[in-house]
Engineer: 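What follows is a single structure, and I will ask about it in a moment.
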Amino acid sequence: MGCKVETLADRYDLTAPGSGDHSLDEYLVARWTGRDGRSADGYKSLTEWFNKRVLKELYAEVDRETLDVHLDREYELITGDDDVAYDELAAALAADGLDIERIESELISWSTMRHHLKGCLEADKNANEAKTDWESNTVEVARQQTEEKAQSVLSSLASKERLADAESAEVDVQVKLGCSDCSVRVPFDEAVERGYVCEQHVSDEGEKETAVDSWKNTLSSVITPYGAVEAVQCLILEEPSLLETLLLPAF
């Protein structure tokens with residue numbers, strides 16, 4: 001049994017736009033990786049495109065208006081948080097023989113699109129972006145340098161006998177992004193890949209820019225195990241100059 005994307009594609013006979021020979025899956029992969037000659041799209045953009053195709057087919061079944069501008073507006077109402085507008089649309093759809101809850105059940109989430117691309121189709125976006133993704137490469141270099149500096153601090157702690165087994169401790173530095181509107185925190189590379197930090201608070205205009213433009217203000221380095229973190233913090237408090245030694249070269 002296929003995933004929900006495959007099930008809906010078969011149910012509504014969805015095909016790739018245009019008159020080319022590409023299948024729907026090939027079209028989705030091309031848009032996601034940027035292999036169609038334009039900027040790569042995130043999961044959110046592809047999810048919205050797919051959902052609107054499904055919505056168009058549902059509307060066509062009852063001869064409801066399917067112009068793009070009409071679909072765009074009503075899709076926002078179906079997936080938005082304006083309860084009054086939602087109830088008004090539900091009544092209008094019911095008059096045409098459509099159940100808004102049925103429509104919602106047919107729509108997919110961005111995580112479903114992600115699973116379809118990476119799980120079902122085994123598509124790889126990184127291979128196509130390796131040479132041009134300087135932003136992510138810069139962050140990765142910074143992460144590695146910070147990890148090396150943290151390891152050197154642990155070596156110092158071990159030589160001073162201030163932390164038992166410090167040299168054998170594993171250092172794990174993670175770069176995470178935090179949503180400015182809620183407590184959501186996600187790994188940097190995951191946010192860049194999907195095109196936003198927080199699904200609930202992402203803006204349509206900022207889908208492509210959110211992760212790259214905001215990471216400097218929300219970057220955090222997490223070093224494990226916890227005992228190592230506590231020891232490094234104590235050392236920095238006693239010797240503040242180590243903070244520059246640990247972090248600044250990474251940037």
Side-chain angles (χ1 to χ4, degrees), residues 1-60 66-76 78-79 103-140 177 186-199 202-215:
M1 182 176 180
C3 73
K4 189 173 181 179
V5 173
E6 295 173 340
T7 299
L8 291 171
D10 290 340
R11 181 180 300 163
Y12 297 108
D13 195 24
L14 302 182
T15 59
S19 56
D21 297 328
H22 296 300
S23 68
L24 178 64
D25 285 342
E26 290 172 334
Y27 174 76
L28 290 172
V29 170
R31 283 189 56 174
W32 183 56
T33 59
R35 293 171 191 161
D36 58 354
R38 60 182 180 183
S39 298
D41 285 326
Y43 298 124
K44 181 173 181 287
S45 291
L46 293 177
T47 298
E48 289 186 353
W49 177 84
F50 185 86
N51 282 340
K52 288 175 183 177
R53 288 292 304 274
V54 171
L55 187 62
K56 185 174 184 178
E57 294 301 318
L58 288 168
Y59 278 16
T66 59
L67 288 176
D68 287 347
V69 63
H70 188 74
L71 287 172
D72 290 345
R73 178 177 178 278
E74 297 199 350
Y75 178 76
E76 290 180 4
I78 293 170
T79 59
I103 292 175
E104 287 182 291
S105 70
E106 294 287 77
L107 304 182
I108 66 169
S109 65
W110 70 265
S111 59
T112 299
M113 178 59 71
R114 178 184 182 184
H115 172 74
H116 182 63
L117 290 166
K118 302 187 73 173
C120 300
L121 304 182
E122 299 182 346
D124 184 4
K125 190 173 188 176
N126 294 329
N128 192 56
E129 296 180 342
K131 296 182 180 180
T132 60
D133 191 8
W134 67 267
E135 298 94 343
S136 293
N137 291 338
T138 299
V139 172
E140 177 59 20
L177 303 183
V186 296
F188 174 83
D189 55 353
E190 181 178 331
V192 172
E193 182 176 291
R194 70 190 192 186
Y196 57 87
V197 173
C198 175
E199 182 179 18
V202 66
S203 62
D204 293 338
E205 297 79 10
E207 180 185 0
K208 295 294 183 181
E209 303 172 349
T210 302
V212 174
D213 292 344
S214 66
W215 72 272

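Worth knowing before you read on, the calculation uses all heavy atoms, side chains too, and leaves out hydrogens, waters and symmetry mates. Note that the numbering runs from 1 along the sequence shown for the chain. Note that the structure is a prediction, hence the values are computed from the model and not measured.
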Engineer: Among L8, D13, L14, which residue satisfies the side chain to side chain contact (heavy atoms under 4.5 Å, CB included) criterion with R11?
Structural biologist: L8
Engineer: Less than 4.0 Å between a side-chain N and a carboxylate O, is that true for E57 and R53?
Structural biologist: no
Engineer: Is there side-chain contact between T15 and Y27, with at least one heavy-atom pair below 4.5 Å?
Structural biologist: no
Engineer: Please confirm whether the backbone N or O of C3 pairs with a side-chain atom of E6, one donor and one acceptor, at under 3.5 Å?
Structural biologist: yes
Engineer: Counting only heavy atoms from other residues, nucleotides and ligands, does the tally under 6.0 Å from CD of E104 exceed 12?
Structural biologist: yes
Engineer: Decide yes or no for L107 and I78: does some side-chain heavy atom of the first lie under 4.5 Å from some side-chain heavy atom of the second?
Structural biologist: yes
Engineer: Going from NZ on K52 to CD on E76, what distance comes out if it is rounded to the nearest 0.5 angstrom?
Structural biologist: 6.5 Å
Engineer: Would you mind reporting whether R114 and T47 have side-chain heavy atoms less than 4.5 Å apart?
Structural biologist: no
Engineer: To the nearest 0.5 angstrom, please state how far the CD atom of E106 sits from the OG1 atom of T7.
Structural biologist: 9.5 Å
Engineer: Can you check side chain to side chain contact (heavy atoms under 4.5 Å, CB included) on N51 and T79, steps first, answer last?
Structural biologist: CA-CA 10 Å; N51 282 340; T79 59; 5.8 Å; no
Engineer: Do K118 and Y43 touch side chain to side chain, with heavy atoms closer than 4.5 Å?
Structural biologist: yes
Engineer: Is there a side-chain contact between W49 and D41 in this structure, where contact means two heavy atoms from C-beta onward sitting under 4.5 Å apart?
Structural biologist: no
Engineer: What heavy-atom pair brings Y59 and T66 nearest, and what distance separates the two atoms?
Structural biologist: CB-CG2, 3.7 Å
Engineer: Let me confirm one number: the NE2-CH2 distance from H116 to W32, rounded to the nearest 0.5 Å.
Structural biologist: 11.5 Å
Engineer: Between SG of C120 and NZ of K4, what distance do you get to the nearest 0.5 Å?
Structural biologist: 13.5 Å
Engineer: Measure the spacing between CG of L117 and CG of D124 and express it to the nearest 0.5 Å.
Structural biologist: 11.5 Å
Engineer: If I compare all heavy atoms of L58 with all of Y12, which pair ends up nearest, and what's the gap?
Structural biologist: CD2-OH, 3.3 Å
